[in-house]
Chemist: 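Structure in structure tokens, see below.
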Amino acid sequence: MKPVNAVITKVVDETPTIRTFFFDTSFELIPGQFVMVWIRGVDEIPMALPYENAITVQKVGPATSALFELGECDSIGIRGPFGNGFDITKGRILLVAGGVGAAPLAPLAEKAGSAGVEVTTLLGARTNDEILFRERFEAAGDVRIATDDGSEGKHGYVTQLIEDSKKYSQIYCCGPENMMKKVLDMVAPSKAQFSLHRYIKCGIGICGACCVDGLRVCKDGPVFSGEVLKKTEFGVYRRNECGERVRF
Amino acid sequence: MKPVNAVITKVVDETPTIRTFFFDTSFELIPGQFVMVWIRGVDEIPMALPYENAITVQKVGPATSALFELGECDSIGIRGPFGNGFDITKGRILLVAGGVGAAPLAPLAEKAGSAGVEVTTLLGARTNDEILFRERFEAAGDVRIATDDGSEGKHGYVTQLIEDSKKYSQIYCCGPENMMKKVLDMVAPSKAQFSLHRYIKCGIGICGACCVDGLRVCKDGPVFSGEVLKKTEFGVYRRNECGERVRF
Amino acid sequence: MMLAATVTGLKLKNPMMLAAGIMGTTGGSLKRAAQAGAGAVVTKSIGIAPKAGHSNPSMVDVDCGYLNAMGLPNPSYKNFQEEIDKAKESEVPVIASIFGGSADEFSEIAGALCADAFELNVSCPHARGYGAEIGTDPKLVEEITHAVKSAVNAPVWVKLTPNVTDIKSIGLAAQRGGADAVVAINTVRGMAIDIESGYPILGNKFGGISGRAIKPVAIKCVYDLYEALDIPVIGVGGISDWKDAVEFIMAGARAVQIGSAVGENIDIFSDISSCMDAFLTEKEWTLDDIYGMAHEV
Amino acid sequence: MMLAATVTGLKLKNPMMLAAGIMGTTGGSLKRAAQAGAGAVVTKSIGIAPKAGHSNPSMVDVDCGYLNAMGLPNPSYKNFQEEIDKAKESEVPVIASIFGGSADEFSEIAGALCADAFELNVSCPHARGYGAEIGTDPKLVEEITHAVKSAVNAPVWVKLTPNVTDIKSIGLAAQRGGADAVVAINTVRGMAIDIESGYPILGNKFGGISGRAIKPVAIKCVYDLYEALDIPVIGVGGISDWKDAVEFIMAGARAVQIGSAVGENIDIFSDISSCMDAFLTEKEWTLDDIYGMAHEV
Ligand SMILES: Cc1cc2nc3c(=O)[nH]c(=O)nc-3n(C[C@H](O)[C@H](O)[C@H](O)COP(=O)(O)OP(=O)(O)OC[C@H]3O[C@@H](n4cnc5c(N)ncnc54)[C@H](O)[C@@H]3O)c2cc1C
Ligand SMILES: Cc1cc2nc3c(=O)[nH]c(=O)nc-3n(C[C@H](O)[C@H](O)[C@H](O)COP(=O)(O)OP(=O)(O)OC[C@H]3O[C@@H](n4cnc5c(N)ncnc54)[C@H](O)[C@@H]3O)c2cc1C
Ligand SMILES: Cc1cc2nc3c(=O)[nH]c(=O)nc-3n(C[C@H](O)[C@H](O)[C@H](O)COP(=O)(O)O)c2cc1C
Ligand SMILES: Cc1cc2nc3c(=O)[nH]c(=O)nc-3n(C[C@H](O)[C@H](O)[C@H](O)COP(=O)(O)O)c2cc1C
Ligand code: FES
Ligand code: FES
């Protein structure tokens, strides 16, 4: 599909570095799927859909900064949704979110919560005002917090909040890859799903830029079971834009 | 669509110059629609569908002669069905067929007959052994015959069989154009439908080779109401392969 | 009135024309396209002598388009003025598309016909000795254009083939020859084979692709020609709805032509006109605003 | 065994290869394509230095296909042998696609890599200074082919662009340079514009069309090259099912490559293999029977 024109209808400051951009177009989505967001004249970048009509963006570089320049009535181009999304299970589930990794997990929490699934969320952030979507996770179930600087909750990494992982039927995780790798090492791989970030170029499974070994993050992923990831380069290295290996 | 491969399963000699070729593929058709028949290495020519899985061919030149060389297990390519087909009405109908023009009218007679419509057919041929599909028309209703040489029925043209045309709710006609023109002049144009033969090249309404004034025989036709034809070159001239006018 | 456009002096009520070779052999069919809302109509390409064209099959579906090798069937210019005159009854400009094997043939034909403009077909991909064999040679294109310009008073457009390494060089040759506009593109060389038999499907074996499949090729050609030339570019290739027409104009087309899509919907001219009008109104843009827009952003 | 084929000495279990630039940057992804049934795999085109490629968007859907301008992102040959070695674990031939700006660059890269064959990409339509700017010049193509042939012992294939007036002349140049085979075609030049904004959609503005839309173009190129050359032709462009693959072989392709269609269905290699096998069995034909069949009827 060609990029759909999406006009920004509302901008919400979530944290000092993260904003949500609502637009006039809705997408039917499975939580965990992503869209390619075209900031015209600048770049096109992958973004999770935390709502069916919004993206939540952390300002980290040129493209996200250009997005931050946009306001109501400005428009962006959107291709997608792409990818598989999370496989939603019954029972008791644990969500582990690091930073903006909360974006794809929030709609999952809501969907699971309203389906009667017991949802526990571990939310990690650099500092307390960077905690994302706390209310959304709270509305869906229990929330525990960790901050790098100890300004709220556990002082340390979100992974340190994980205890007794066996009592959950499924664990869903999104955040920086080394954090996710730690989670993978702590839980039963076959019961954990991870949403990966890799450099995305085509977004539709053709170019191979996003491959983790033979797996295409954009098409076979971005969500993979821990069992699949165990056998791969996950947590060891990623590829940069040139396809060079970059170790974590 | 690309040509569909149709394997000939049976060849029936209808008259000394006309054969029916049955094939292993069926087409859903409205009587009066046609297909483009590709005799590989030779030509592609338009043919009515007298059955949903057959064409009935009069040998007149290179392509039809090449068809006559084919037998069981040989194959042809078929594109279609194309065109509009006859508009089937209720009441009492009259069919006027000249020669191989009986081909598109036979399935119409059957369809109308089995729907309880009263069908009268006027069948014209050069000579009695050239009369086509007599049994099919007889099974559907009354049949009257005319032959050019008087070998059966009326000695003369099929048009001479037309009497009291007002008692029919609709008249359906296919045959040589000057015969059809005579019919048009004898009946109420708004109650008559004519299936035209014009040089067909693309068959899909693009090239314009088949145009009768602005009307595309292949797409808007091949069946036109007498009312529409009244205002056109119908019966006056046709176009040859070059698009030159050829007077009747 | 929003869509009124002037192209090489011809006033069009809208910039959507019937492309050459589409329902273009008879005055009656040209008139019908005009009545269906075309801003102008281009005739079938007309040559020096009557021509039956290639043997059938001469057109077949391919993915998102068609492949054709008509072989320029035409009744010759000697039989064609009456068709043009009939088309003129519709009161839209009638452009005579013509082809020939030499500058002399082109000017003989153009000189003998009366039309609102001439479109020189030097770009048919499947007519040996005519068409693309001429249109890939800048010197010949310049010479023919110049010859026709000297033979007629009407505007002269040159229709280009995309089947060249560098379409700009051919466009520049037309411009040097005095062309008032270029038209891009004619069909893209292609072929289809029947796997049941191994036969090439077209009677001529190969042909030219038209329809939606070639739109991105045409957009690129129009974009490049707009940058390279001073004369206007008329866009054609794969237009099937108003969005396509807008895309061509943004790429740099002063007007567009519609071919294959007419088969399914002869009312496409008025359909596009009304949708384009609504789009421009909503965006508060004029035709001039979007003309060449892709070069400015 | 019916589908076993030998191409320039390489034994393939079937003639369906992964095309260059498709899941071809990592050893893991090449291996996956092989495991999905490809008879051989071609790597992403590898250059002299690491390259990030054009800015995004770098790929977008068009009618019946895609438009892309990746800009040859690659980690350079200095980082690539380990990927090839990983791919080799799959036990199908691994062909290294390479590109450069000169004969020297091409031979430096080829000389440094160990692969079952080399495919010279002189045909990328959107890489300035590389790709098609080289592949449209017969002299350069001959020179580069010759240089690589002198630098390596493996078979050398030359991948051709359809964006030329006469692809045969480029194929002949490759043959003169000593190429063992030609591969046709790379993508067809194209462009798409976003009508909401007037922006060309691709970061690079224009790109190359792949997918079903270009199949008839590719078939015609393969057909022409088969007639003109003595070396084998490998067909690529728009294959999306077994019928397409058969059509290419009938046009004269010794083997085929599959690109865009892998996105939707990575199992396309084994799907095509089993259907082609069934088709040949039913027709009582061999691969050799249908090879070039369109030239014989
Ligand atoms: C499936 C997926 C979902 C994502 N969801 C979100 C989200 O919901 N919210 C959010 O803020 N971020 C998300 N990201 C990350 C986001 O795409 C990057 O932060 C963004 O691309 C940075 O662009 P930049 O130009 O601002 O920064 P740069 O300075 O260009 O890059 C910063 C980081 O982003 C990476 N990056 C740049 N371009 C791309 C690209 N095309 N694809 C992947 N990574 C890229 C770089 O490799 C680098 O690691 C997601 C990434 C992926 C793969
Ligand atoms: C809609 C339609 C339905 C037809 N249905 C039948 C049918 O059911 N049975 C039947 O026997 N005939 C039918 N015909 C006529 C048939 O197409 C011609 O007889 C046939 O094309 C002759 O080809 P030829 O090479 O044998 O003869 P030629 O010597 O080439 O021509 C004999 C006559 O057929 C005409 N003809 C040739 N090629 C074409 C063409 N491509 N399109 C139209 N006319 C052509 C010529 O103009 C000439 O008048 C139909 C024609 C049309 C337009
Ligand atoms: C059946 C057919 C006949 C054509 N005949 C001509 C012709 O005579 N002269 C010409 O310049 N172009 C001819 N063309 C090319 C069209 O004018 C047009 O350039 C091409 O089809 C691309 O436009 P489209 O995709 O809208 O069809 C023909 C195209 C088709 C499909
Ligand atoms: C995303 C993408 C990247 C490509 N990269 C290369 C490349 O690096 N080298 C090359 O020779 N061809 C490259 N190609 C061209 C393909 O190998 C192939 O020639 C073309 O896509 C036509 O085949 P298809 O229609 O099956 O995709 C690329 C094509 C695509 C779609
Ligand atoms: S980004 Fe191209 S395959 Fe995933
Ligand atoms: S035969 Fe082409 S329009 Fe009818």
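Since the model is a prediction, treat every value here as computed from it, not as a measurement. Residue numbering restarts at 1 for every chain, and letters A, B, ... go by the order of the sequence lines.
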Chemist: Contact between Glu196(D) and Ser75(A) at the side-chain level, heavy atoms closer than 4.5 Å - yes or no?
Modeler: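 No, their side chains stay 4.5 Å or more apart.
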
Chemist: Between Asp213(A) and Lys31(D), does any side-chain N to carboxylate O distance fall below 4.0 Å?
Modeler: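 So Asp213(A) does not pair with Lys31(D) through a salt bridge.
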
Chemist: Could you tell me whether Lys243(D) atom NZ has more than 12 heavy atoms of other residues or ligands within 6.0 Å of it?
Modeler: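 Incorrect, the count does not exceed 12.
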
Chemist: Using non-hydrogen atoms and a 4.5 Å limit, figure out which bit of Glu264(D) sits close to chain A: side chain, backbone, both or neither.
Modeler: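 Both the backbone and the side chain of Glu264(D) come within 4.5 Å of chain A.
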
Chemist: Is the shortest heavy-atom distance from the side chain of Pro3(A) to the side chain of Ile201(D) under 4.5 Å?
Modeler: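 They are in side-chain contact.
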
Chemist: Could you tell me which portion of Phe80(D) (side chain, backbone, both or neither) has an atom closer than 4.5 angstrom to a non-hydrogen atom of chain A?
Modeler: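 Neither part; nothing is under 4.5 Å.
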
Chemist: At their closest point, which heavy atom of Ser58(D) faces which heavy atom of Glu44(A), and how far apart are they?
Modeler: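 Shortest heavy-atom contact: N-OE1, 4.5 Å.
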
Chemist: Would you say that Trp38(A) contacts Asp194(D) through its side chain, given a criterion of any heavy-atom pair below 4.5 Å between the two side chains?
Modeler: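 Contact flag for Trp38(A)/Asp194(D) side chains = yes.
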
Chemist: Heavy-atom distance under 4.5 Å to chain D: side chain of Arg239(A), backbone, both or neither?
Modeler: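 Answer is side chain: those atoms of Arg239(A) sit under 4.5 Å from chain D.
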
Chemist: Which of the residues Gly259(D), Pro75(D), Ala33(D) is involved in the greatest number of heavy-atom pairs with chain A at under 4.5 angstrom?
Modeler: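 Top option by heavy-atom pairs under 4.5 Å: Pro75(D).
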
Chemist: Among Ser55(D), Pro50(D), Pro57(D), which has the most heavy-atom pairs under 4.5 Å with chain A?
Modeler: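 Looking at each of Ser55(D), Pro50(D), Pro57(D) in turn, Pro57(D) comes out on top.
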
Chemist: Quick one: pull up NZ in Lys201(A) and NE2 in His54(D) and give me the separation to the nearest 0.5 Å.
Modeler: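 The distance works out to 8.0 Å.
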
Chemist: Out of curiosity, Met36(A) CE to Met59(D) CE, how far, rounded to the nearest 0.5 Å?
Modeler: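 One finds 12.0 Å between CE of Met36(A) and CE of Met59(D).
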
Chemist: Let me know if Lys219(A) has heavy atoms under 4.5 Å from chain D in its side chain, its backbone, both or neither.
Modeler: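 Contact with chain D is through the side chain of Lys219(A) alone.
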
Chemist: For Lys10(A), I'd like to know if atom NZ has over 12 heavy atoms of other residues, nucleotides or ligands within 6.0 Å.
Modeler: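 Counting other residues, nucleotides and ligands, NZ of Lys10(A) stays at 12 neighbours or fewer.
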
Chemist: Could you look at Ile200(A) and say if it's the side chain, the backbone, both or neither that has a heavy atom under 4.5 Å from chain D?
Modeler: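 Looking at Ile200(A), just its backbone touches chain D.
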
Chemist: Looking at chain A, which one of Asn74(D), Val262(D), Val60(D) has the largest number of heavy-atom pairs inside 4.5 Å, strictly under?
Modeler: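 Among the listed options, the one with the most contacts to chain A is Asn74(D).
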
Chemist: Please report the interatomic distance CD1(Ile204(A)) to CG(Asp61(D)), rounded to the nearest 0.5 Å.
Modeler: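 These two atoms lie 5.5 Å from each other.
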
Chemist: Shorter than 4.5 Å, heavy atoms on both sides: which option in Pro200(D), Ser210(D), Ser197(D) has the most such pairs with chain A?
Modeler: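 So the answer, after comparing Pro200(D), Ser210(D), Ser197(D), is Ser197(D).
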
Chemist: Is Arg40(A) close to chain D through its backbone or its side chain, or both, or neither, when contacts mean heavy atoms under 4.5 Å?
Modeler: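 Both backbone and side chain.
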
Chemist: Taking every non-hydrogen pair under 4.5 Å, which of Ser260(D), Gly203(D), Gly53(D), Gly24(D) racks up the most with chain A?
Modeler: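 The option with the most such pairs is Ser260(D).
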
Chemist: Take atom CZ in Phe82(A); do more than 12 heavy atoms of anything else shown fall under 6.0 Å from it?
Modeler: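 Yes, CZ of Phe82(A) has more than 12 neighbouring heavy atoms, counting only those of other groups under 6.0 Å.
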
Chemist: Would you check, one step at a time, whether the test side-chain contact (heavy atoms from CB on, under 4.5 Å) holds for Met23(D) with Cys207(A)?
Modeler: CA-CA 5 Å; Met23(D) 291 183 68; Cys207(A) 74; over 6 Å; no

Chemist: What's the separation between atom CZ in Arg245(A) and atom OG1 in Thr26(D), rounded to the nearest 0.5 Å?
Modeler: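 Going from the CZ atom of Arg245(A) to the OG1 atom of Thr26(D) covers 8.0 Å.
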
Chemist: What distance separates Thr25(D) OG1 from Glu244(A) CD, expressed to the nearest 0.5 Å?
Modeler: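 Here the interatomic distance stands at 12.0 Å.
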
Chemist: Under 4.0 Å between a Lys/Arg side-chain N and an Asp/Glu carboxylate O for Asp220(A) and Arg32(D)?
Modeler: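 Yes, this pair counts.
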
Chemist: Say you draw a straight line from SG of Cys242(A) to NZ of Lys51(D); how long is it, rounded to the nearest 0.5 Å?
Modeler: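 These two atoms lie 9.0 Å from each other.
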
Chemist: Below 4.5 Å from any heavy atom of chain D, which atoms of Asn240(A) appear? Answer side chain, backbone, both or neither.
Modeler: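 For Asn240(A), no heavy atom lies under 4.5 Å from chain D.
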
Chemist: Counting heavy-atom pairs under 4.5 Å to chain D, which of Cys210(A), Gly214(A), Gly208(A), Gly243(A) comes out on top?
Modeler: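 Highest number of pairs under 4.5 Å: Gly214(A).
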
Chemist: For the candidates Lys86(D), Glu82(D), Lys44(D), Gln35(D), which exhibits the highest count of non-hydrogen atom pairs separated by less than 4.5 Å from chain A?
Modeler: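 Result: the option with the highest number of such pairs is Glu82(D).
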
Chemist: By a 4.5 Å heavy-atom criterion (distance strictly below it), what part of Ala192(D) contacts chain A: side chain, backbone, both, or neither?
Modeler: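 Just the side chain, heavy atoms under 4.5 Å.
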
